[in-house]
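This report concerns only the one structure given below.
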Amino acid sequence: MADIQIHDKIFTSYISAERIKQRVTDIAGKINTDYAGKKPLVIGILNGSFIFAADLIRALTIEVEISFVKLASYQGVSSTGSVDTLISLKEDIGGRDIIIVEDIVDSGQTMSAFLPEVYQRKPASVKIATFLDKPSARKYAIKTNYAAFEIENTFVVGCGLDYNGLGRNLPDLYILKP
Ligand code: IMP
Ligand code: MG
């Protein structure tokens, strides 16, 4: 696969769509087992998670509901340091099993802002399923429960992740060229 340019930056291919599909199937298998007989509510974090969320729930065989919230913390290739809620949670999640679905857990700031809001509504359980986990970039103590890939601390695009609005539609994952 060739390098691609998005805005002013060059990206090179990192993880293929085929490998991604494999890992999503693995994770869905774990969730099917862990939630057998339950009916979790998946909460996707927009915008980034929409592709992973769509792929993941189509690989689930348990009964599942899905909803979305829209949170934003990122500008360009670094975090802005604050989390804005653009679309908030409308469902009654009291007593529900919640699976939060993220595109990537990076500093952990988004999750550390959102989790208290979720717990405040007294769900039965809360787990985090993320397409990508960047543990070495963590500034907040957030642990993920299901991660398709652990990646190094660099900037990636594709599969829902963007660089200033572009690149979300790429089926493969690309990494910023040094
Ligand atoms: P956190 O709050 O620092 O964990 O980062 C959360 C959000 O930042 C993610 O949901 C992404 O939207 C965005 N983000 C973090 N790392 C990347 C990246 O490498 N590429 C694109 N977006 C990213
Ligand atoms: Mg984002």
Side-chain angles (χ1 to χ4, degrees), residues 1 3-17 19-21 23-24 27 31 41-57 66-89 98-120 126-178:
M1 280 175 287
D3 290 353
I4 56 163
Q5 177 158 4
I6 300 177
H7 298 298
D8 57 329
K9 300 203 187 306
I10 307 292
F11 292 84
T12 193
S13 67
Y14 187 40
I15 303 175
S16 71
R19 179 87 189 102
I20 290 166
K21 190 172 183 201
R23 285 294 301 147
V24 172
I27 287 185
I31 293 175
L41 172 66
V42 166
I43 301 176
I45 313 295
L46 293 173
N47 291 328
S49 76
F50 76 108
I51 288 181
F52 175 56
D55 288 345
L56 183 68
I57 69 162
I66 184 153
S67 184
F68 289 94
V69 297
K70 186 167 182 175
L71 309 175
S73 73
Y74 238 71
Q75 280 290 335
V77 295
S78 65
S79 180
T80 58
S82 69
V83 179
D84 295 331
T85 302
L86 307 178
I87 299 173
S88 60
L89 191 59
I98 304 299
I99 305 174
I100 299 171
V101 172
E102 258 285 32
D103 53 353
I104 185 165
V105 179
D106 181 39
S107 71
Q109 185 183 38
T110 306
M111 278 305 98
S112 75
F114 185 58
L115 279 173
E117 199 183 312
V118 171
Y119 280 115
Q120 197 188 322
V126 181
K127 286 191 181 179
I128 298 174
T130 189
F131 173 46
L132 303 173
D133 194 350
K134 262 192 216 175
S136 61
R138 217 59 114 245
K139 295 186 190 134
Y140 299 81
I142 296 294
K143 284 217 177 85
T144 64
N145 302 99
Y146 307 96
F149 300 96
E150 276 195 10
I151 64 164
E152 54 196 293
N153 189 8
T154 53
F155 194 78
V156 294
V157 293
C159 286
L161 292 109
D162 69 306
Y163 168 45
N164 278 349
L166 296 180
R168 294 194 198 275
N169 55 311
L170 297 165
D172 300 306
L173 193 69
Y174 290 79
I175 191 164
L176 186 63
K177 249 190 154 172

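In each ligand, atom 1 is the first atom listed, and ligand 1 is the first ligand listed. Below, each value reflects all heavy atoms present in this structure, side chains not excepted, and no hydrogens, waters or symmetry copies.
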Practice task
Answer whether the closest heavy-atom distance between the side chains of K9 and F155 falls below 4.5 Å.
Solution key: no
Handout entry: Min side-chain heavy-atom separation I175-E152 under 4.5 Å
Key = yes
Practice task
Report yes if some N/O of V156 lies less than 3.5 Å from some N/O of ligand 1; otherwise report no.
Solution key: yes
Problem - Under 3.5 Å: N/O of G108 near N/O of ligand 1 - result: yes
Exercise for the section: Run the numbers on T85 and L71 for side chain to side chain contact (heavy atoms under 4.5 Å, CB included), then give the verdict. Expected result: CA-CA 5 Å; T85 302; L71 309 175; 3.7 Å; yes
Exercise for the section: Name all residues meeting the side-chain hydrogen bond (donor to acceptor under 3.5 Å, both in side chains) criterion together with T110; count only those two or more places apart in sequence or in a different chain, and write none if there are none. Expected result: S73
Fill in the blank from the handout: Across all chains, not counting sequence neighbours, the side-chain hydrogen bond (donor to acceptor under 3.5 Å, both in side chains) partners of K177 are D3
Problem - For ligand 1, the portion of K139 having any non-hydrogen atom under 4.0 Å away - result: neither
Practice task
Select one of side chain, backbone, both or neither to describe which atoms of L161 lie under 4.0 Å from any atom of ligand 1, heavy atoms only.
Solution key: side chain
Problem - Parallel, tilted or perpendicular, as decided by the 30° and 60° cut-offs, for the rings of Y163 and F11 - result: tilted
Taking 4.0 angstrom as the limit and counting only heavy atoms of [X], give me the atoms of ligand 1 inside it, by number and element.
X: T154; value: 19 (O)
X: Q109; value: 1 (P), 2 (O), 4 (O)
X: S107; value: 1 (P), 2 (O), 3 (O), 4 (O)
X: E102; value: 10 (O)

Problem - Winner among I104, D103, D106, D162 once heavy atoms are compared against atom 14 (N) of ligand 1 - result: I104
Problem - Residues K143, D133: salt bridge by 4.0 Å N-O rule - result: no
